[in-house]
Visitor: 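Quick one: the structure is below, and I'll ask about it shortly.
Lettering follows sequence order; numbering is per chain, from 1.
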Amino acid sequence: MDHVLAARAQMGTSLAFHIVFAALGVALPLLVFAAEGMWLRTRDRAYYDLARSWGKGMAILFAVGAVSGTILSFELGLLWPGFMRFAGGIIGLPFSLEGFAFFIEAIFIGLYLYGWDRLSPRAHWLTALPIAISGPVSASFITMANAWMQMPTGFRLVNGKVTDVHPFTAMFAEPWLVEVIHATLASFVFTGFATAAVCAFAWLRGDRRAQVVAGLRIAMIMGAIAIPTQIIVGDIIARFDAEKQPAKFAAMEAVYHTQRGAPITIGGIAHADHIDGAIKIPKALSILVGGNTTAEVTGLDHVPADEHPPVFLTHLSFDAMVGSGSALLLIAVMWLVTVVRRRELPRWLGIALVAGAPLALIALEAGWCVTEFGRQPWIAHGLLRTTDAATIAPGVDIAFYVFSFIYIVLAATCWWLLRQVDGEARP
Amino acid sequence: MTPLVGVALVALLTIVLYAILGGADFGGGVWDLLATGPRRSEQRDAVSHAIGPVWEANHVWLIFAIVTMFTCFPLAFADIATNLSAPLSFALVGIVLRGAAFIFRNYAKVASPFARAWTAVFGIASLLTPFWFGDSVGALATGRYAWLSPFALSVGVFALVACAQIAAIFLTDEVQDERLRNDFRRRAIGATFALWIVGAIPALIARFAEPSLFAALITPRAAIPITCAILLGLIVALALHRGAWQFARIAVGAEALAILAGWFGAQAPALVPGRITLADAAASDAMLTAFLIAVAAGAVFLIPSLFLLFAVFKGPRSSA
């Protein structure tokens, strides 16, 4: 394998693996905090059991998230020394702050998991709060570093040398706020629907204990709030990209030529210069971007061919994200209708809720793919190409196979163990 | 004080804390692997009990060290990560498997084959990380990134034994049962003597194979802390013999600090001897200053939280 491809494959695999645990690390503590809070309020044993069982899951997922995150921090140097040499001294600040947020998470997770017998019930409950806050904060700092890669700022290049560095400006690169909101909501969407799916699965198998019903409700409240908000934010980001990152937007929407009255292109096989077999909704993209049927949409022809993102992958990821996100919205609406009508959960909706987990996983992974494929061929947009940032050290391909194997083992073990933990909680 | 000095102090403190706290957790894994005798499972329980609540927090010192390195010394970070990619990757495999295996075995059914398998992984992975980090430090000190040199490998062995020593002493102090305490005390004394022996080996190798490194090691700013470390080892052994567990704990911390001070003294102001100095590799003053502001802001949250963690789990009443 070519060393740049090996480096990209390893980084991609590592991120695809870690993002699942990171997303759960962001939002699961809030579910735990809610469940334990409900227990303190109502003294209903079901909430206590729920908090204990979610807490065990959180322990396992957090540990795997912590070690897989460590892999990434090493890989920044092991795979992308060219990028770190260039960017470390510009964009290190959010990483440093993330270090502190991660510290708070790790400290309070220790207190939470091992503090059941050592702290008063109220104090124990409160130790979940710093975890629930520092998780999203930590992920936000990492997303801010990503925002800089999309639109680098906070320095000047003089004769190829970086000078006049403003770390606080670099930290707040233009897309930072939309990216942070979008990534945080993605974590809440994924965690809400994935947790609800676990409860719905138990429910379908005839487990009607109060903790299953309560767990499904708490998790779906999270999912049902997060998904419509996320779709609104997604629309804002699409317009942001159309204006500020036109090459990425053009690849997402498979717009090859700058045009007025551009259609929305759904599906199809996107080639470098045309798309086959796509459904087109005439003028819809112009309406979405500019508010009228004749608004101009910038196409890929706006940038030189060697600066095009991979259209096939970016467009496919975008469709997968939007498609699964819309399906999740539909599930949330159907669930809400059932709750409002005070009906018992119908079996078909239980099945739909279980399907919510893979859909939410697709939305999470595909969304991340959109932003990262859409940034290519740049690692720092307009400044440094991905190919120029990769390591020259030997053995990257071997490392890729070794770490991929480790991820498979960890994922399988996690899956198996979480099912055990879930099973133990049943009488 | 220039920002560079401030950042260098933060970096050194981070390395010291990771070496002692993170090192003790890896050392705990070594004793888990070497658990023997009639109290074998109690020894393992003691290890789990001691590192369970704190290992993730202790691990963050490593993350913070890496972040400090690439934020403040990006040139050195890129150079080291390129040239030491092999030993660092091996250490990383150890980190991943140790952490995952620890949590997997702790949440598995006791005495299941699953738990036994992951217990073995936990122990073996705990050997990898201290050894390969030690090797990386040794390789760095050669100035040639000679990570397969006898010197680097001997530093790896030394680091592994040092972690085992720290862990054995912490465990001696933390367990309640007298017989269990005696198990760990014997291990602690053994490890302390072993550390003298494996400490002499890199010194001898340096004498014959690494002349410039040896010259740096016998300058006062390296030789004085190293001498202190040897003497502190004696004090540790004495404290263990006399049953002064808490004193032994402090003394072994001081010993680890002295060893690291010897390394820093031999290298400073070079990050990679003969190749890169701190000043060469440093990011702009604006970045270093911003980093120090971030550290000050972060410390406001970190210090009370750490205090709480250690007060709850490692304080005087914690074993009640």
Side-chain angles (χ1 to χ4, degrees), chain A residues 56 59-60 62-64 66-71 73-74 76-78 81-82 84-90 92-93 95-100 102-104 106-111 113-115 118-119 130 162-168 391-395 399 402 406 410 413 416-417 420-421, chain B residues 52-57 59-60 62-64 66-75 77-83 85-86 88-89 92-93 95-100 102-104 106-109 114 118 282-284 286-287 290-291 294-295 297-299 301-302 305-306 308-309 312-313 318:
Chain A
K56 276 185 191 170
I60 296 164
F62 185 84
V64 177
V67 297
S68 59
T70 306
I71 298 180
S73 68
F74 273 70
L76 289 176
L78 292 174
M84 295 317 288
R85 196 183 302 120
F86 173 75
I90 307 172
L93 196 57
F95 285 107
S96 313
L97 290 166
E98 193 274 343
F100 285 101
F102 183 26
F103 253 129
I104 303 298
I107 288 169
F108 281 92
I109 208 136
L111 282 162
L113 295 176
Y114 289 83
R118 289 168 194 259
L119 300 165
V162 173
T163 69
D164 204 12
V165 174
H166 294 280
F168 289 96
T391 188
I392 49 160
V402 170
I406 289 176
L410 293 189
T413 310
W416 190 82
L417 195 58
Q420 293 282 112
V421 168
Chain B
V54 293
W55 73 273
E56 283 168 310
H59 171 71
V60 185
L62 171 68
I63 305 292
F64 195 70
I66 292 171
V67 167
T68 305
M69 192 74 188
F70 72 60
T71 303
C72 300
F73 306 103
L75 291 181
F77 178 76
D79 202 54
I80 293 170
T82 305
N83 289 289
S85 63
L88 291 175
S89 299
L92 181 58
V93 169
I95 289 167
V96 174
L97 291 180
R98 187 282 304 246
F102 179 71
I103 205 86
F104 289 162
N106 275 9
Y107 281 87
K109 288 201 181 69
F114 177 91
W118 283 106
S284 65
M287 186 72 239
F291 174 79
V295 169
F301 295 93
L302 175 62
S305 307
L306 270 181
L308 181 65
L309 179 72
V312 169
F313 296 110
S318 68

Visitor: Considering only heavy atoms, which portion of I90(A) lies under 4.5 Å from any heavy atom of chain B: side chain, backbone, both, or neither?
Guide: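 For I90(A), the contact with chain B is made by the backbone alone.
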Visitor: Which value, rounded to the nearest 0.5 Å, describes the distance between L92(B) atom CG and S85(B) atom OG?
Guide: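 Rounded to the nearest 0.5 Å, the CG-OG separation comes to 11.5 Å.
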Visitor: What part of S305(B) gets closer than 4.5 Å to chain A, counting heavy atoms only: side chain, backbone, both or neither?
Guide: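 Interface part for S305(B): both.
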Visitor: In terms of heavy-atom proximity below 4.5 Å to chain A, should I66(B) be classed as side chain, backbone, both, or neither?
Guide: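 Answer is side chain: those atoms of I66(B) sit under 4.5 Å from chain A.
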Visitor: Under 4.5 Å heavy-atom distance to chain B, tell me which part of T391(A) shows up: side chain, backbone, both or neither.
Guide: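 Contact with chain B involves the side chain of T391(A) alone.
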Visitor: Which heavy atom of L93(A) sits nearest to which heavy atom of A290(B), and what is that distance?
Guide: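 Nearest heavy atoms, L93(A) then A290(B): CD1-O, 3.5 Å.
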Visitor: Which bit of F95(A) comes within less than 4.5 Å of chain B, counting heavy atoms only: side chain, backbone, both or neither?
Guide: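 It is both, since atoms from each part get that close.
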Visitor: What part of D79(B) gets closer than 4.5 Å to chain A, counting heavy atoms only: side chain, backbone, both or neither?
Guide: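 Looking at D79(B), nothing touches chain A.
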Visitor: Output the option from A393(A), A399(A), G99(A) having the highest count of non-hydrogen pairs under 4.5 Å with chain B.
Guide: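 Of the candidates given, the most pairs with chain B belong to A393(A).
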Visitor: Is I104(A) close to chain B through its backbone or its side chain, or both, or neither, when contacts mean heavy atoms under 4.5 Å?
Guide: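 Looking at I104(A), just its side chain touches chain B.
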Visitor: Tell me, for V96(B) versus chain A, whether the close heavy atoms (under 4.5 Å) come from the side chain, the backbone, both or neither.
Guide: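 Both backbone and side chain of V96(B) come within 4.5 Å of chain A.
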Visitor: With a 4.5 angstrom heavy-atom cut-off, could you sort out which part of F70(B) is near chain A: side chain, backbone, both or neither?
Guide: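 F70(B) touches chain A through backbone and side-chain heavy atoms alike.
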Visitor: If I measure from the heavy atoms of chain B, does F108(A) come under 4.5 Å with its side chain, its backbone, both, or neither?
Guide: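 The answer is the side chain of F108(A).
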Visitor: Checking I406(A) against chain B: side chain, backbone, both or neither under 4.5 Å from a heavy atom?
Guide: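 The answer is the side chain of I406(A).
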Visitor: Under 4.5 Å heavy-atom distance to chain B, tell me which part of L113(A) shows up: side chain, backbone, both or neither.
Guide: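 The side chain, not the backbone.
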Visitor: Who wins among A100(B), A283(B), G298(B) for the most heavy-atom pairs under 4.5 Å with chain A?
Guide: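 Highest number of heavy-atom pairs under 4.5 Å: G298(B).
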Visitor: Which atoms of L62(B) come close to chain A, meaning under 4.5 Å heavy atom to heavy atom: side chain ones, backbone ones, both, or neither?
Guide: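 Contact with chain A: side chain only.
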Visitor: Please look at I63(B) and chain A and tell me whether the side chain, the backbone, both or neither of the residue comes under 4.5 angstrom of a heavy atom of that chain.
Guide: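 The side chain, not the backbone.
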Visitor: Counting heavy-atom pairs under 4.5 Å to chain A, which of A299(B), A81(B), A282(B) comes out on top?
Guide: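 Most heavy-atom pairs within the cutoff with chain A belong to A81(B).
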Visitor: Could you check which of F301(B), F291(B), F104(B) has the highest count of heavy-atom pairs closer than 4.5 Å to chain A?
Guide: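 Of the options given, most contacts go to F104(B).
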Visitor: Could you look at A59(A) and say if it's the side chain, the backbone, both or neither that has a heavy atom under 4.5 Å from chain B?
Guide: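 For A59(A), the contact with chain B is made by backbone and side chain together.
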Visitor: Nearest heavy-atom pair of S96(A) and T71(B): which atoms, and what distance?
Guide: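 Here S96(A) and T71(B) meet closest at OG-OG1, 3.5 Å.
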Visitor: Are V312(B) and L119(A) close enough, and set up right, to give a side chain to side chain contact (heavy atoms under 4.5 Å, CB included), and what steps lead you there?
Guide: CA-CA 8 Å; V312(B) 169; L119(A) 300 165; 4.2 Å; yes
Visitor: If you measure from CD1 on I95(B) to OG on S89(B), what distance do you get to the nearest 0.5 Å?
Guide: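 One gets 10.5 Å once the value is rounded to the nearest 0.5 Å.
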Visitor: Please name the pair of heavy atoms, one in M84(A) and one in G77(A), separated by the smallest distance, quoted to 0.1 Å.
Guide: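 Heavy-atom minimum between the residues: CG-N, 4.4 Å.
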Visitor: Name the region of F114(B), side chain, backbone, both or neither, that has any atom closer than 4.5 Å to a heavy atom of chain A.
Guide: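 The side chain, not the backbone.
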Visitor: Check whether F77(B) gets within reach of chain A through its side chain, its backbone, both or neither, counting any heavy atom under 4.5 Å.
Guide: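 Interface part for F77(B): side chain.
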Visitor: Just give me the residue among N83(B), L88(B), L97(B), V295(B) that pairs up with chain A most often, heavy atom to heavy atom, under 4.5 Å.
Guide: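 Heavy-atom pair counts peak at V295(B).
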Visitor: Under 4.5 Å from any heavy atom of chain B, what part of V64(A) do you find: side chain, backbone, both or neither?
Guide: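 Only the side chain of V64(A) comes within 4.5 Å of chain B.
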Visitor: Closest heavy-atom contact between G89(A) and M287(B)?
Guide: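 The answer is O-SD, 2.9 Å.
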Visitor: How long is the span from the OG atom in S73(A) to the CE atom in M69(B), to the nearest 0.5 Å?
Guide: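 Going from OG on S73(A) over to CE on M69(B), the span is 13.0 Å.
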Visitor: Compare all side-chain heavy atoms of V60(B) with those of F100(A) and state whether any distance is below 4.5 angstrom.
Guide: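 No, every pair of side-chain atoms sits at 4.5 Å or beyond.
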Visitor: Would I109(A) and E56(B) count as a side chain to side chain contact (heavy atoms under 4.5 Å, CB included) if you check the C-alpha gap in whole Å, the side-chain angles of each, and the deciding distance to 0.1 Å?
Guide: CA-CA 8 Å; I109(A) 208 136; E56(B) 283 168 310; 3.5 Å; yes
Visitor: To the nearest 0.5 Å, tell me how far N106(B) CG sits from I60(A) CD1.
Guide: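 Reported value, rounded in 0.5 Å steps: 10.0 Å.
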Visitor: Can you tell me how far the OG1 atom of T82(B) sits from the CD1 atom of I392(A), to the nearest 0.5 Å?
Guide: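 If we round to the nearest 0.5 Å, T82(B):OG1 and I392(A):CD1 are 6.0 Å apart.
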Visitor: Taking the side chain as every heavy atom from C-beta outward, state whether T70(A) and H59(B) have any pair of such atoms under 4.5 Å apart.
Guide: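 In contact.
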Visitor: Identify the two heavy atoms, one from F103(A) and one from A57(B), that lie closest to each other, and give their separation to 0.1 Å.
Guide: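 Closest approach of F103(A) to A57(B), heavy atoms only: CE2-O, 3.4 Å.
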